[in-house]
Amino acid sequence: MLENLTALPADKILALMAKFKEDPRTDKVDLGVGVYKDASGNTPVMRAVKEAERRILADQSSKAYTGLAGDPAFSKAMRELVLADSVAADRVAAVATPGGTGAIRQALELIKMAAPNATVWLSNPTWPNHPSIIKYLGMNMAEYRYFDEATRGVDFDGLLADLDDVAAGDVVLLHGCCHNPTGANLTLDQMSEVIAKLQERGAVPMVDIAYQGFGDGLEEDAVITRLIASSFDNVLIAASCSKNFGIYRERTGVLMAIAKDATQQALAQQTLAFLNRQNYSFPPDHGARVVTTILNDADLRADWEAELEETRNGMLELRAKLAAELKRLTNSDRFDFLAHHRGMFSRLGTSPENVEKLRAEHGIYMVGDSRMNIAGLNAQTVPILAKAIVDAGI
């Protein structure tokens, strides 16, 4: 059997990580992998997470399964965090998943079951796992324009023009905040136009929200998702806790399916539980229990929100410093977009050849499409990166 397997393309980010580890240079800078790092280059465990884990360790009396959908308290806490009161609770079906990736996979499985002929529309560019999973599942896929290489902002006219080709029943995947990989986000007014277009076309929106709290604030980053949720009979939302709770390895996510009414919600809930059973059966619980503990305790939640805000402001400060240093070196404002982008990532909008030049000549590691992880910088490496960008002629 196994001799029939063929080699698959290497994951570009994992390959980049391997190259970085092998590089002997002491002044190398890793801006590739999408993990938050503090000024010391560490990915710390948040204070509230440590305390929640301490309480769980002291109080937990069983490791029995929680149920196919996971702990209902986790789904409730995440529904309130992401959606607040934008839709009625009895319209929302939800299941715990292994990370945001698990939520995306289960959402696509649900689409394949409910609307097998639907085309899933993705922004160009988008997170590489989106098209990878869609292709693996053998689903129809199309793209809409998103990033303007000249302005490093959103190509909004191109986006709207492409959405004119969306058919009734198609699914359009949108990023809730902190667009990955570009860092360029739609404004609330622009999203309102997108919503009107999707309503006109009869499309179903699917939202990937993996960075709530990393952009403009915990509540601010949820505004677009809540607007979408309140504007359609059906919406799919995949949310990740990896970044904003810093629990990457605990694989904690949730898939929410917003139904037209309570009857439709019951069927959606049953189907989501069935899909979990077919894939990994009972979802992991430790990370979900940590999140639930934090969100349901006033003191822990306040401490978590404070540390999350410190993280967010730290990334904004790095963006501002990098944009200012590039302005100083070039006497130009062409890099000001870096200060306007939000989240962990920005896309420089340069060629793969220039990205390779940054790696080979300066030890700067970023993904080939010029996506760089702003959280991989610190005060010492900002001027190093700025000089390398200028020296590379970007």
Test Asp59 against Arg55 for salt bridge (charged side-chain N to carboxylate O under 4.0 Å, His left out), laying out the working first. CA-CA 6 Å; Asp59 299 338; Arg55 296 183 189 181; over 6 Å; no
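- Tracing side-chain contacts under 4.5 Å through hydrophobic residues (I, L, V, M, F, W, Y), one never reaches Val166 starting from Met206; they form parts of separate clusters.
- Between Met46 and Asn244, the shortest heavy-atom distance links the atoms SD-O, 3.5 Å.
- The environment of Asp27 atom CG is dense: over 12 non-hydrogen atoms of other residues, nucleotides or ligands sit within 6.0 angstrom.
- Checked for salt-bridge contact, Arg347 and Glu149 meet the test: a charged N lies under 4.0 Å from a carboxylate O.
- Contact between Ser370 and Gly349 at its shortest, heavy atoms only, is OG-N, 2.9 Å.
- Asp221 places a side-chain N or O within 3.5 Å of a backbone atom of Gly213 that can act as its donor or acceptor partner.
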Determine whether Asp164 and Lys197 satisfy the following criterion, salt bridge (charged side-chain N to carboxylate O under 4.0 Å, His left out), listing intermediate values before the conclusion. CA-CA 8 Å; Asp164 276 330; Lys197 178 68 69 175; 2.6 Å; yes
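- A continuous path of hydrophobic side-chain contacts links Val92 to Leu81 [ILVMFWY only; heavy atoms under 4.5 Å].
- Scored by the salt bridge (Lys or Arg N to Asp or Glu O under 4.0 Å) test, Lys28 finds no partners at all (sequence neighbours excluded).
- For Ile364 against Ala388, the heavy-atom pair with the smallest separation is CG1-CB, 4.0 Å.
- Taking a cutoff of 4.0 Å between a charged side-chain nitrogen and a carboxylate oxygen, Arg289 and Asp71 qualify as a salt bridge.
- Glu250 contributes atom CD, which lies 11.5 Å from atom SG of Cys241 (distance to the nearest 0.5 angstrom).
- Remark: Lys50 does not engage Glu53 in a salt bridge, criterion side-chain N to carboxylate O under 4.0 Å.
- More than 12 non-hydrogen atoms from other residues, nucleotides or ligands lie less than 6.0 angstrom from CD of Glu309.
- With hydrophobic clusters built from ILVMFWY side chains whose heavy atoms lie under 4.5 angstrom apart, Leu377 does not share a cluster with Leu316.
- For the atom pair CD (Gln212) and OG1 (Thr225), the distance works out to 7.5 Å, reported to the nearest 0.5 Å.
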Verdict with reasoning, Lys63 to Asp285, per salt bridge (charged side-chain N to carboxylate O under 4.0 Å, His left out): CA-CA 9 Å; Lys63 291 289 186 181; Asp285 178 70; over 6 Å; no
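- Ring geometry for Phe337 against His341 counts as tilted: the plane angle lies between 30° and 60°, on a 0 to 90° scale.
- Between Asp170 and Arg201, none of the side-chain N atoms (NZ, or NE/NH1/NH2) sits under 4.0 Å from a carboxylate O, so this pair counts as no salt bridge.
- In this structure, Ile389 is a member of the same hydrophobic cluster as Val355, with clusters built from ILVMFWY side-chain heavy atoms closer than 4.5 Å.
- Annotation for Asn4: atom CG counts as buried by contact number, over 12 foreign heavy atoms lying within 6.0 Å.
- Evaluation of the ring-ring contact (aromatic ring centres under 6.0 Å, His included) test over residues 66-124, restricted to residues two or more places apart or in two chains, returns none.
- Comment: Glu353 does not engage Lys357 in a salt bridge, judged by the lack of any side-chain N to carboxylate O separation of less than 4.0 angstrom.
- Shown here are the side-chain contact (heavy atoms from CB on, under 4.5 Å) partners of Pro128, two or more places apart in sequence or in another chain: there are none.
- Taken to the nearest 0.5 Å, the CD atom of Gln190 stands 12.0 Å off from the CD1 atom of Ile195.
- Salt bridge status for Asp369 with Arg371: absent, with no side-chain N to carboxylate O gap under 4.0 Å.
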Let me see the working for Arg312 and Glu317 under salt bridge (charged side-chain N to carboxylate O under 4.0 Å, His left out), right down to the final yes or no. CA-CA 9 Å; Arg312 184 183 75 85; Glu317 185 178 347; over 6 Å; no
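- Asn373 contributes a side-chain N or O that, together with a main-chain N or O of Ala375, makes up a donor-acceptor pair within less than 3.5 Å.
- Using a cutoff of 4.0 Å between basic side-chain nitrogens and carboxylate oxygens, Glu22 and Lys19 are not scored as salt-bridged.
- Ion pair Arg226/Glu219 flagged as a salt bridge, since at least one NZ, NE, NH1 or NH2 atom sits closer than 4.0 Å to an Asp/Glu carboxylate oxygen.
- Sorted by first then second residue, the ring-ring contact (aromatic ring centres under 6.0 Å, His included) pairs that include residues 43-67, not counting sequence neighbours, are Tyr65-Phe282.
- Salt bridge status for Arg145 with Asp157: absent, with no side-chain N to carboxylate O gap under 4.0 Å.
- Judged as a ring-ring contact (aromatic ring centres under 6.0 Å, His included), the pairs with a partner in residues 238-270 (not counting sequence neighbours) are, in order, Phe245-Trp304.
- The closest side-chain donor-acceptor pair between Gln264 and Asn234 falls under 3.5 angstrom.
- Here the CG-CG distance, from Asp11 to Leu16, works out to 10.0 Å after rounding to the nearest 0.5 Å.
- When each of Lys112, Arg105, Gln106 is paired with Leu275, the side chain to side chain contact (heavy atoms under 4.5 Å, CB included) condition holds for Gln106 and for no other.
- Ring to ring, Tyr146 and His179 are close: their centroids are under 6.0 angstrom apart.
- The side chain to side chain contact (heavy atoms under 4.5 Å, CB included) test with Phe232 is passed by exactly one of Val87, Ile258, Leu198: Leu198.
- Counting only distance, with no hydrogens or angles, the side chain of Gln278 and the backbone of Phe274 share a donor-acceptor pair below 3.5 Å.
- Between the side chains of Asn296 and Arg301, no donor-acceptor pair is found at a separation under 3.5 Å.
- By the neighbour-count criterion of 12 heavy atoms within 6.0 Å, atom CZ of Arg249 is sparsely surrounded, having that number or fewer from other residues, nucleotides or ligands.
- With salt bridges taken as basic N to acidic carboxylate O contacts below 4.0 Å, one links Asp336 and Lys327.
- A side-chain N or O of Ser346 and one of Arg319 form a donor-acceptor pair less than 3.5 Å apart.
- Put simply, the side chain of Glu193 never gets that close to the backbone of Met191: no donor and acceptor are under 3.5 Å apart.
- Met344 contributes atom CE, which lies 11.5 Å from atom CG of Leu318 (distance to the nearest 0.5 angstrom).
- At distances below 3.5 Å, at least one donor-acceptor pair connects side-chain atoms of Thr151 with backbone N or O atoms of Gly153.
- Atoms OG1 and CG, from Thr311 and Asp38 in turn, are 9.0 Å apart once rounded to the nearest 0.5 Å.
- If you run side chain to side chain contact (heavy atoms under 4.5 Å, CB included) between Leu174 and each of Ile224, Ile237, Ile228, only Ile228 comes through.
- Applying the ring pair (Phe, Tyr, Trp, His ring centres under 6.0 Å) rule to Tyr365 yields the partners Phe20; only residues at least two apart in sequence or on another chain are considered.
- Judged by distance alone, the side chains of Asn378 and Thr381 do bring a donor and an acceptor atom under 3.5 Å apart.
- No donor-acceptor contact under 3.5 angstrom links the side chains of Ser123 and His130, judged on distance only.
- Between the side chain of Asp216 and the backbone N or O of Glu220, no donor-acceptor pair lies under 3.5 Å.
- In the hydrophobic clustering of this structure, Leu227 groups with Leu160; members are Ile, Leu, Val, Met, Phe, Trp, Tyr whose side-chain heavy atoms approach within less than 4.5 Å, directly or through other members.
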